[in-house]
2 protein chains.
Amino acid sequence: MAFLTACKLQDPVTIADKLFLDLRRAILVGEIPAGKKISEPELAAAYGVSRGSLREAIGKLENCNLVTRKPNIGARIIDFSTEQLLEIYQIREATEGMAARLAAEHMTAEELVHLRKILERHHAEIAQHQSYSQHDVDLDFHFSIIQGSKNKRLIRMLCQDLYDLVRFYRFRLKSGFSRSEQAFQEHNLIVSAIERRDGEMAETLMRHHIRASRDYACKLLEQMPTSDT
Amino acid sequence: MAFLTACKLQDPVTIADKLFLDLRRAILVGEIPAGKKISEPELAAAYGVSRGSLREAIGKLENCNLVTRKPNIGARIIDFSTEQLLEIYQIREATEGMAARLAAEHMTAEELVHLRKILERHHAEIAQHQSYSQHDVDLDFHFSIIQGSKNKRLIRMLCQDLYDLVRFYRFRLKSGFSRSEQAFQEHNLIVSAIERRDGEMAETLMRHHIRASRDYACKLLEQMPTSDT
DNA sequence: CTTGGTTATAGTGTCGACATTATAACTTCA
DNA sequence: TGAAGTTATAATGTCGACACTATAACCAAG
């Protein structure tokens with residue numbers, strides 16, 4: 001399960017943190033349906049914790065953009081919309097483009113080897129048509145490059161905040177995600193540019209790659225029935 | 001005081017929210033020194049509120065990146081470093097570049113008029129050498145363009161999260177910020193590009209502008225004594 | 001005098017209870 | 001019957017107290 005790696009809390013010590021991770025997973029996987037209102041007493045009882053700890057956990061979920069709160073009304077799981085998905089893609093295009101540029105400047109030799117390994121895994125899984133694990137590979141690829149930027153705040157911004165949203169949407173669009181071959185080619189070009197230390201080109205290619213992903217997601221969404229709760 | 005505009009909480013109803021705004025302002029202005037450890041009992045007593053409310057406020061401050069928390073140890077105000085400042089500039093270059101591109105596509109005529117007015121204000125204040133209020137004008141300019149992108153998540157990401165950090169640093173570098181004339185020229189070019197609906201050019205110019213700001217800030221930092229606590 | 005361990009203290013994490021607000025159900029009147 | 005007002009209920013906001021952890025002070029042995 002390379003699901004929920006790259007999280008600030010490797011070993012949650014406090015109850016609120018454990019709860020946060022539990023709820024986060026439940027939301028991302030869809031155990032808790034999107035748009036659902038959170039009842040604090042109910043959830044607290046279900047997990048056997050106090051309302052105080054739960055509220056703290058909800059606060060952290062709010063940071064991750066997975067729930068929204070209104071004063072005196074309560075918290076609810078975020079709802080997904082085509083509009084928001086496109087917004088996220090625009091942000092990813094800008095930020096991950098920059099990450100790729102910086103990665104070309106700062107990535108170490110070992111990190112590049114690791115990146116190549118991810119590509120090989122991707123290639124192997126395409127050959128076996130294991131489309132279900134290609135999402136993880138794709139995430140790993142993007143994570144590695146973001147990590148390679150060495151910009152701590154950018155890493156935090158993307159890995160901790162934005163990518164929870166990305167996972168949230170992935171889990172709801174993973175129907176026929178057969179853009180893997182194309183994506184693999186694009187990944188390949190990006191890695192090559194990084195290996196050449198060509199930051200400008202790495203950024204351009206990454207932006208192109210994410211724009212292509214966005215266009216593909218749009219096409220998928222158009223031919224989908226509007227799913228209501 | 002155009003200080004703390006553009007915040008999600010126009011009218012804070014809950015105690016924790018009021019406290020959050022109070023503390024946020026105190027941190028940005030420097031009333032609470034950078035790097036200072038927060039004592040929950042002490043602060044709670046000082047503001048006459050319960051520790052629970054305070055903890056909630058601290059949680060929100062953590063989202064704004066103004067404090068960091070470690071479990072069982074406590075929270076402390078962030079410390080500023082040259083490294084972090086550069087990281088922020090890199091992120092701004094990418095995200096605000098994208099914002100400018102989107103603004104060129106989506107800004108309304110009225111918003112463009114407003115933008116021009118900001119430029120005029122900037123121009124007037126340069127003539128009068130009111131360098132103290134030029135920071136506000138500069139912030140207003142960038143805020144307007146971000147707002148014009150119409151990307152709600154991008155707006156939130158920048159205006160709510162990143163720009164608190166920008167203000168945090170501004171307040172500590174506002175010594176001789178005499179790049180105003182240069183900045184004004186660059187702002188002018190950006191607005192022109194947006195008016196022409198030339199998103200590509202707007203992005204390029206915005207990135208150039210922010211990179212120039214970064215270089216200038218770097219120069220300032222180099223000829224500054226390392227300030228210890 | 002220094003170092004290791006022990007105790008004391010302050011601080012954070014957690015909880016249950018009360019106050020206040022929003023929502024649902026109900027009653028009453030047109 | 002429908003709509004407005006009122007009451008009742010449930011949920012959120014707030015608080016003070018207890019439990020546990022980390023740090024500081026202290027003491028003892030080398």
Side-chain angles (χ1 to χ4, degrees), chain A residues 7-27 32-79 229, chain B residues 7-27 32-79 229:
Chain A
C7 181
K8 56 180 168 180
L9 303 168
Q10 296 90 345
D11 188 23
V13 289
T14 183
I15 290 183
D17 284 343
K18 286 183 210 137
L19 200 67
F20 162 67
L21 288 181
D22 273 7
L23 292 175
R24 176 166 165 271
R25 190 197 52 77
I27 294 171
I32 305 178
K36 168 151 187 167
K37 178 162 186 327
I38 291 179
S39 164
E40 291 185 3
E42 190 182 322
L43 251 191
Y47 281 82
V49 298
S50 133
R51 256 187 68 221
S53 301
L54 173 63
R55 281 173 68 84
E56 197 137 329
I58 292 178
K60 290 171 190 290
L61 289 172
E62 201 183 2
N63 304 15
C64 299
N65 302 308
L66 292 177
V67 311
T68 58
R69 286 178 97 172
K70 287 180 187 171
N72 284 320
I73 290 182
R76 54 184 344 130
I77 312 295
I78 57 164
D79 220 342
T229 313
Chain B
C7 182
K8 57 180 167 181
L9 303 169
Q10 296 90 343
D11 188 25
V13 288
T14 183
I15 290 184
D17 283 343
K18 287 183 211 136
L19 201 66
F20 162 68
L21 288 182
D22 271 9
L23 291 175
R24 175 165 165 272
R25 188 197 52 76
I27 295 172
I32 306 179
K36 167 151 187 165
K37 180 164 184 329
I38 291 179
S39 165
E40 291 184 4
E42 189 183 322
L43 251 190
Y47 283 81
V49 298
S50 135
R51 258 188 66 222
S53 301
L54 174 63
R55 282 173 69 82
E56 196 137 330
I58 292 178
K60 290 172 190 289
L61 289 172
E62 201 183 1
N63 302 19
C64 298
N65 302 309
L66 292 177
V67 311
T68 58
R69 285 178 99 174
K70 287 181 187 171
N72 284 320
I73 290 182
R76 54 183 343 130
I77 312 295
I78 57 164
D79 222 341
T229 313

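So you know, we letter chains A, B, ... as the sequences are listed, proteins then strands, and number each from 1.
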Taking the side chain as every heavy atom from C-beta outward, state whether A/Thr68 and A/Glu62 have any atom pair closer than 4.5 Å.
no
Any side-chain heavy atom of A/Lys60 sitting closer than 4.5 Å to one from A/Asp17?
yes
Partner set under side chain to side chain donor-acceptor pair (under 3.5 Å) for B/Glu40, not counting sequence neighbours:
B/Arg51, B/Arg55
Please enumerate all residues that pass side-chain contact (heavy atoms from CB on, under 4.5 Å) together with A/Ser39, with sequence neighbours excluded.
A/Pro41, A/Glu42
For nucleotides 7-14 of chain D, print each protein N/O atom paired with a nucleotide N/O atom at under 3.5 Å, atom names and distance only.
| residue | atom | partner | partner atom | Å |
| --- | --- | --- | --- | --- |
| D/dT12 | OP1 | A/Lys37 | NZ | 3.2 |
| D/dT12 | OP1 | A/Ile38 | O | 3.0 |
| D/dT12 | OP2 | A/Glu40 | N | 3.1 |
| D/dG13 | OP1 | A/Asn72 | N | 3.2 |
| D/dG13 | OP2 | A/Arg55 | NH1 | 2.5 |
| D/dG13 | OP2 | A/Arg55 | NH2 | 2.9 |
| D/dG13 | O3' | B/Thr14 | OG1 | 2.9 |
| D/dG13 | N7 | A/Arg51 | NH2 | 2.8 |
| D/dG13 | O6 | A/Arg51 | NH1 | 3.0 |
| D/dT14 | OP1 | B/Thr14 | OG1 | 2.7 |
| D/dT14 | OP1 | B/Ile15 | N | 2.4 |
| D/dT14 | OP2 | B/Thr14 | OG1 | 2.5 |

Is there a side-chain contact between A/Tyr47 and A/Leu54, using heavy atoms and a 4.5 Å cut-off?
no
Please find the earliest and latest nucleotides of DNA chain C, in the 5' to 3' direction, that have an atom within less than 4.0 Å of any heavy atom of chain A.
C/dG13 to C/dA22
The criterion is side-chain contact (heavy atoms from CB on, under 4.5 Å); which residues satisfy it with A/Ile77, sequence neighbours excluded?
A/Ile27, A/Ile32, A/Lys36, A/Ile38, A/Val67
Full working for side-chain contact (heavy atoms from CB on, under 4.5 Å) between B/Leu19 and B/Leu23
CA-CA 6 Å; B/Leu19 201 66; B/Leu23 291 175; 4.2 Å; yes
